Amino acid sequence: MTGPHVAIEPSILYLGTPVVLISTLNEDGTANVAPMSSAWWLGWRAMLGLQTASQTPQNLIRTGECVLNLATVEQVAAVNKLARLTGTKAMPELKQRLGYAYEPRKFEVAGLTPIASDTVAVPRVLECPIHLEAVLAERHDMMADDPQVAGLISAFEVRITRVHVRPDLLMDGHENRIDPAKWQPLIMNFQKLYGVSNIEAAPSRLAEIEEKSYHMPDIDRAREDMLAAVG
Ligand SMILES: Cc1cc2nc3c(=O)[nH]c(=O)nc-3n(C[C@H](O)[C@H](O)[C@H](O)COP(=O)(O)O)c2cc1C
């Protein structure tokens, strides 16, 4: 039996991922911020898919640090202001063709407020309700098996060193849990921006597993590093 599906060749497979405003530090010490959405998390690690030549990954490689600022629908104006801006002065030809512009003052242009982080020199974005401070762990070249595009895109594994959350997103009675009924990530879905519903589709069998069963040593490592830093 065959189903009703048709085989297609879409140019992109952006099937819906959260929008992250990733902040990094430029060579001159100023802050860069860029929207990205090829991001996923396991434990206190994130994988980030980035065009290797962009300012953000270059800053990440050079300094080893970034902050992942998670966006909601309240940040759509800022996301759109940042779209098609780059912190790279010598813009690659592809970005020129796509209508990108060089902008060294992206926080100001997007109306975003930098605030200090605890574990990295990179500022956080005040307006975003969740901030993940992170350090670079590994870089993996994507599409390295195709000489036409090898080197263009990298996946960066970062280790989270500090999590900040607006208190109204916490689950009642839990100081370390984000309530999924209160947290609605902004989703990039085939280049368009969507909010998500706060209505649970069905009771989740997976959610019967205690959240603390997923606790990984990175959490203790981050806490110990913080304590060592303050002496
Ligand atoms: C909603 C949205 C999602 C994006 N997702 C990604 C992404 O996952 N990876 C990527 O390399 N670029 C992504 N971009 C494009 C980057 O923002 C763009 O490459 C920009 O030049 C990065 O800024 P920078 O050059 O200052 O680092 C996205 C843009 C928008 C508006």
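Here the structure is a predicted model, which is why all the values come from computation and not from measurement. Just follow the structure's listing: the first ligand is 1, and inside any ligand the first atom is 1.
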Residues with a heavy atom under 4.0 Å from ligand 1, by chain and number, are Asn32, Ala34, Pro35, Met36, Ser37, Ser38, Gly49, Leu50, Gln51, Ser54, Gln55, Thr56, Ala83, Leu85, Thr86, Gly87, Thr88, Lys95, Tyr100, Lys106, Met188
Between Thr30 and Asn26, is any side-chain donor less than 3.5 angstrom from a side-chain acceptor?
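A pair is found: one side chain offers a donor N or O, the other an acceptor, under 3.5 Å apart.
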Just by distance, do the side chain of Ser23 and the backbone of Pro123 share a donor-acceptor pair under 3.5 Å?
yes
Is a donor on one side and an acceptor on the other found under 3.5 Å between the side chain of Thr72 and the backbone of Glu74?
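Here the side-chain-to-backbone pair exists.
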State the CZ-CG distance between Phe190 and Leu15, to the nearest 0.5 angstrom.
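Here the rounded value is 4.0 Å.
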I'd like to check Lys182 versus Leu169 (side-chain heavy atoms, cut-off strictly below 4.5 Å). Are they in contact?
yes
Using 4.0 Å as the upper bound for N to carboxylate O, is an ion pair formed by Asp141 and Arg139?
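Here Arg139 pairs with Asp141 in a salt bridge, since their nearest N and O are under 4.0 Å apart.
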